[in-house]
Amino acid sequence: MNPLQTVDPQIFDALRGELHRQQVGLELIAAENYVSEAVLVAQGSVMTNKYAEGYPGKRYYAGCEFVDIAERLAIERAKQIFGAEHANVQPHSGSQANMAVYFAVLKPGDTILALDLAHGGHLSHGAAKSFSGKIFNSESYGVDRDTETLDMDAVRAIARDCRPQMIVTGASAYSRFIDYAAFADIAREVGAYLLADIAHVAGMIAAGLHPSPVPHADFVTATTHKTMRGPRGGIILCSKEYAAKIDSCIFPGIQGGPLMHTVAGKAVALSEALHGGFQEYQRQILDNCQALLGELKRRGYRIVTGGSDNHLFLVDLRDQDITGRLACTLLDDAGITLNQNLIPFDPRSARETSGIRIGTPAVTTRGMKEPQMVQIADWIDQVLRHRDDATLRQRIRADVAELCDAFPIYRNGLMAMLFSELPQQVGA
Ligand code: PLP
């Protein structure tokens, strides 16, 4: 019997339920992905037992010779992939990576200028309820009302006006290329540091399919669990000039012992990004995104900005007269998970929203391609058109599970071994 099942059957059941949910449902949440079994092995490993405060070769604990190997590999691979002089792979999350950058060069009360949360920015970029908005003065730029894209002249005008100490570029819900060189030029003009947060688009940048901010920004932060398809966590990239400051802001600044099992998982994911079809994977994410949004467009849906340059897009549902919140609930009922999302200049509240955000990294990891994207668009359209038809949703849920069955998230390895007698309806 599996030791987890014996020791904690409730968690075992929850885990099995989650595996089943992931297997039978279509994941269109743009921030999610499925790590490889190799990453799972590294994460669920004895490295979780090890304290390793400090950095490789300079630890405050004995017995770090093997975790040092893992961290050095993660650092070298991150530097190689992104062409950076220095990498810190210890941040527990993307938000903590951002926090360390702010603390490295800003004082409380300094001004951060970043993309408005309501236009696709992230909480850790100065939102009032986040540490970043509480400790620092927060100013924002938005997208242009007509094009729904960043207007760099407008960003420059705001920067000249508010004279920030830090400009942040990067987003959670922005589907277009970002002109990092223009941001750097503005930052230089007003004497601000530039942080590029590539949490979402890191995978495409790693594959050379999206412009890289590394040559332009003072600091680059990323998450490792979105398009990078690694364990949950963050990384920071910078030049040698800022290396010591950044490292000391992570430890001892805002973190204690690094999660060495996660650092090992990051090393594995970074290795996967260097080898074995990663570029093809990223290209397919982009192709799938085009196929899905193209089919929704053909069926009359308005796509914010008219399209996408990356792995995600926003659908404006005002013409369909349905809120993002209801759309999200109905689609979840049909086995399709995605986010409700504000659209730029949304007349509705963040609780209701007029839009949904759709991303293709996870379905692409399953091996799905353009024909499956067209099928998914059809299901989304049917659910939203016939919103009172619960029977239709149940039928689509079954069809979704059948499609997912042909594209398993884990094949014959570790997970199958652990959960071999997975029931059809876990928890039912
Ligand atoms: N930055 C951006 C642009 C994000 O989209 C996210 C996560 O959604 C983060 C930072 C924060 O990552 P985490 O959830 O790991 O703190």
Side-chain angles (χ1 to χ4, degrees), residues 27-33 35 39 43 78 82 88-103 112-127 129-133 136 138 140-143 150 166-178 180 183 194-206 210-213 217 219-237 249-250 254-255 258-259 262-263 265-266 269 285 308-314 337-342 350 357-362:
E27 190 52 78
L28 296 178
I29 293 177
E32 294 190 11
N33 214 327
V35 300
V39 170
Q43 273 247 285
F82 293 103
N88 186 307
V89 297
Q90 292 190 5
H92 299 334
S93 72
S95 297
Q96 274 172 290
N98 288 341
M99 181 187 261
V101 170
Y102 301 149
F103 285 5
I112 296 175
L113 172 63
L115 179 61
D116 191 339
L117 188 61
H119 288 202
H122 187 258
L123 285 166
S124 63
H125 296 176
K129 289 196 172 159
S130 140
F131 74 90
S132 55
F136 303 105
S138 167
S140 63
Y141 53 86
V143 295
L150 292 170
M166 168 84 71
I167 297 179
V168 183
T169 173
S172 299
Y174 185 69
S175 61
R176 293 304 188 171
F177 287 144
I178 290 177
Y180 298 114
F183 269 104
L194 179 63
L195 163 61
D197 178 344
I198 58 167
H200 266 268
V201 289
M204 283 150 277
I205 292 172
H210 189 284
S212 170
F219 306 97
V220 176
T221 54
T223 53
T224 44
H225 49 272
K226 297 186 174 87
T227 49
M228 284 303 289
R229 204 164 54 178
R232 311 200 71 74
I235 54 174
I236 305 172
L237 308 167
C249 274
I250 285 291
I254 61 168
Q255 292 185 180
L259 310 175
T262 299
V263 169
K266 287 174 183 173
I285 292 178
S308 172
D309 297 324
N310 59 30
H311 62 304
L312 65 80
F313 60 96
L314 298 177
T337 42
L338 42 71
N339 297 103
Q340 64 180 69
N341 215 100
L342 289 171
R357 184 185 70 164
I358 296 181
T360 52

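The residues of the chain are indexed from 1 along the displayed sequence. Note that the structure is a prediction, hence the values are computed from the model and not measured. Both counts, for ligands and for their atoms, begin at 1 and track the order of listing.
- Side-chain contact annotation: D197 with H122, donor-acceptor N/O pair under 3.5 Å absent.
- Proximity to H200 (heavy-atom distance under 4.0 Å) selects the following atoms of ligand 1: 5 (O).
- Residue contact annotation: G234 has no non-hydrogen atom under 4.0 Å from ligand 1.
- Residue contacts with ligand 1 include H225, since one or more of its heavy atoms lies under 4.0 Å from the ligand.
- Using a 4.0 Å cut-off to heavy atoms of A171, the atoms of ligand 1 that qualify are 3 (C).
- Considering backbone and side-chain N/O of S124, none are found under 3.5 Å from N/O of ligand 1.
- Nearest protein heavy-atom contact of atom 13 (P) of ligand 1 is G94 N, 3.5 Å.
- The shortest N/O to N/O separation between K226 and ligand 1 falls below 3.5 Å.
- Atom numbering of ligand 1 starts at 1 in the shown order; those under 4.0 Å from a heavy atom of T223 are 12 (O), 15 (O).
- Judged purely by atom type and a 3.5 angstrom limit, N310 uses its side chain to pair as donor or acceptor with the backbone of Y174.
- Residue H122 holds the heavy atom nearest to atom 4 (C) of ligand 1 of all those in R232, E32, H122, H125.
- Residue-to-ligand polar distances place D197 within reach of ligand 1: an N/O pair is separated by less than 3.5 Å.
- Among L342, L314, L338, the one residue that satisfies the side chain to side chain contact (heavy atoms under 4.5 Å, CB included) test with R357 is L314.
- Residue A199 has no nitrogen or oxygen atom sitting less than 3.5 Å from a nitrogen or oxygen atom of ligand 1, judged on distance alone.
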